[in-house]
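Have a look at the structure below, then the notes.
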Amino acid sequence: MVIDCDANATYAPDERIRGVIASCLLDLGNPSSLHRGGQRAKALVEESRASVRELVGAHATDTVIFTSGATEANNTILATFGKLGTTISTRIEHPCVLGPVKHLEAAGHKVILVAPNEHGVITPEAVAAVVTPETKLVSVMAANNEVGVINNLHEIARAVRALAPEAIIHSDVAQLLGKGVVNIYDMDVDVLTLSAHKIGALSGTGAIVARHGIDIEPLIVGGPQEGKLRGGTENVLGIAVFGAVAHMIIDELPHRVEAMSRTRDAFEALIKSEISGVEINGASSERIPNTSSVYIPGVRADDLIVAMDLERILISSGAACSSGKPEPSHVLSAMGQDEERVRSTIRVSFRADMPEAEVSRIVRALSSAVERMRKVAPKR
Ligand code: PLP
């Protein structure tokens, strides 16, 4: 049996969505059509919109725009607000924020990227230090995809609002959703971006959630879909599944968090006792409950991924989007880790439904691969 320890790359859907998919496939129309097929599809989309609002504590008057994923959502937010003045973001954002940031800079807009501290945290003080009255957008991820460290958006927002009351505060919550409480009001942010496939729905679906009164500019123009804020026929299947999974998460979050934490803690305790020199990156910070960024001296993460794959255990060396690329993780580098540590760090990210008993199989496989690799290249 394959053991999936790469849930941060994509959280493969659970069995229960099969029923949702089957019912959608029966007679899905175009939500813009006036006939019953279209109206049924439209109702499904609106039901999901309400579920997504509920998932993040948004009000009925707040805007939910369905997109093709968090990448499109982040691009839309950066394009809308990044041209209004100075943008503040961070060095540890996902490439789908850092890419648009480069575009803003190339177009002559000012962007300041805040570095994390050595524990991977973007502190409110570090953000406050660069906020000025010219700051129009602050974009800070809620939880990092590689090390799992959580940023305190509420405190960051408080610091920003004191210095630049008009700035829009945005957070990419793709990795916190389904692994911790996301509430747009408690976090005191204006706009969130969500990714459906990180919570067990389908890839190719995501959303922007914006508080009432925050005006988003469409990135994709065309038809009047999504309140004229995102052109193109809606991905009805993806949106319907997103809504159904949102409901599951609302009901099951405490249980999921507890199960993930138990597995992650058991894994970290065992790997530290079985493999010499192991350290967990970001361990002293608040983290999402399913993610371990594990430094294993004397091995290369890429070799370990292949060795684990042969054992049918799926792990990663950092962001999924970076795999295959030779550059080391920008997140660990921004945390001040040296190249050796960066190249010897794996990311293990658990699903809530992984049997805890699998932890010993994973650590046994890692331990024997590490032993073999250290014998071959003891000084590396
Ligand atoms: N933001 C974060 C923090 C992510 O981890 C990812 C995916 O890895 C994305 C955005 C991109 O999400 P999507 O695949 O929905 O475009």
Side-chain angles (χ1 to χ4, degrees), residues 4-13 48 52 55-56 64-79 89-102 113 116 120-122 139-151 153 170-180 182 187 189 191-209 219-220 230 232 235 237-239 241-242 245-246 249 282 287-293 314-325 329-332 334-335 347-351:
D4 178 6
C5 300
D6 199 14
N8 285 8
T10 198
Y11 195 103
S48 287
V52 168
L55 179 63
V56 298
V64 173
I65 307 167
F66 287 113
T67 65
S68 63
T71 298
E72 182 190 323
N74 284 334
N75 271 267
T76 307
I77 299 306
L78 273 285
S89 189
T90 85
R91 287 179 57 195
I92 59 168
E93 297 299 310
H94 190 270
C96 65
V97 168
L98 296 175
V101 155
K102 283 207 184 98
L113 294 181
V121 181
I122 303 295
S139 178
V140 178
M141 70 194 330
N144 182 263
N145 43 305
E146 293 189 34
V147 288
V149 171
I150 294 176
N151 295 311
L153 260 301
H170 163 246
S171 185
D172 172 351
V173 298
Q175 292 292 349
L176 181 59
L177 204 63
K179 301 165 192 160
V182 174
M187 292 166 91
V189 302
V191 192
L192 301 174
T193 55
L194 281 52
S195 172
H197 73 106
K198 307 289 183 184
I199 62 168
L202 302 177
S203 55
T205 326
I208 296 169
V209 181
L219 190 69
I220 299 174
R230 201 273 185 180
N235 170 6
L237 180 62
I239 292 170
V241 174
F242 193 6
V245 172
I249 304 257
R287 289 180 293 155
I288 43 175
N290 78 324
T291 306
S292 281
S293 171
L314 316 182
I315 61 169
S316 125
S317 65
C321 314
S322 312
S323 33
K325 275 205 286 170
S329 146
H330 69 286
V331 176
L332 294 169
M335 287 167 65
R347 179 185 72 182
V348 182
S349 51
F350 298 105
R351 298 173 55 85

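Order of appearance sets the numbers: ligands from 1, and atoms from 1 within every ligand. Numbers for residues simply follow the sequence, beginning at 1. Only heavy atoms go into these numbers, but all of them, side chains included; no hydrogens, no water, no symmetry mates. If you're wondering where the values come from, they're calculated on a predicted model, not measured in any experiment.
Side-chain atoms of Ser292 never come within 3.5 Å of backbone atoms of Val348 as a donor-acceptor pair (strictly under, hydrogens ignored).
Of all atoms in ligand 1, listed by their number and element, those nearer than 4.0 Å to a heavy atom of Met141 are 3 (C).
Where the criterion is an N or O separation shorter than 3.5 Å, residue side chain and backbone included, Ala174 fails it with respect to ligand 1. Of the N or O atoms in Gln175, one or more lie within a sub-3.5 Å distance of an N or O in ligand 1. Residue-to-ligand polar distances place His197 within reach of ligand 1: an N/O pair is separated by less than 3.5 Å. Taking only nitrogen or oxygen atoms, main chain and side chain alike, Glu72 does not reach within less than 3.5 Å of ligand 1. Not one N or O of Thr205 is nearer than 3.5 Å to an N or O of ligand 1, by distance alone. For His94, a nitrogen or oxygen atom sits less than 3.5 Å from a nitrogen or oxygen atom of ligand 1, counting backbone and side chain alike.
Close to ligand 1: Lys198, with a non-hydrogen atom less than 4.0 angstrom away. Within the 4.0 Å heavy-atom shell around ligand 1 one does not find Gly206.
Both the backbone and the side chain of Thr71 come within contact range of ligand 1, each with a heavy atom under 4.0 Å. With a heavy-atom cut-off of 4.0 Å, Cys96 touches ligand 1 through its side chain alone.
Checked against side-chain hydrogen bond (donor to acceptor under 3.5 Å, both in side chains), Thr291 has the following partners two or more places apart in sequence or in another chain: Asn8.
The two residues Pro13 and Ala201 come nearest to each other via the heavy atoms CG-O, 3.9 Å.
Lys198 is not listed as a side-chain neighbour of Leu177, based on a closest heavy-atom distance of 4.5 Å or more.
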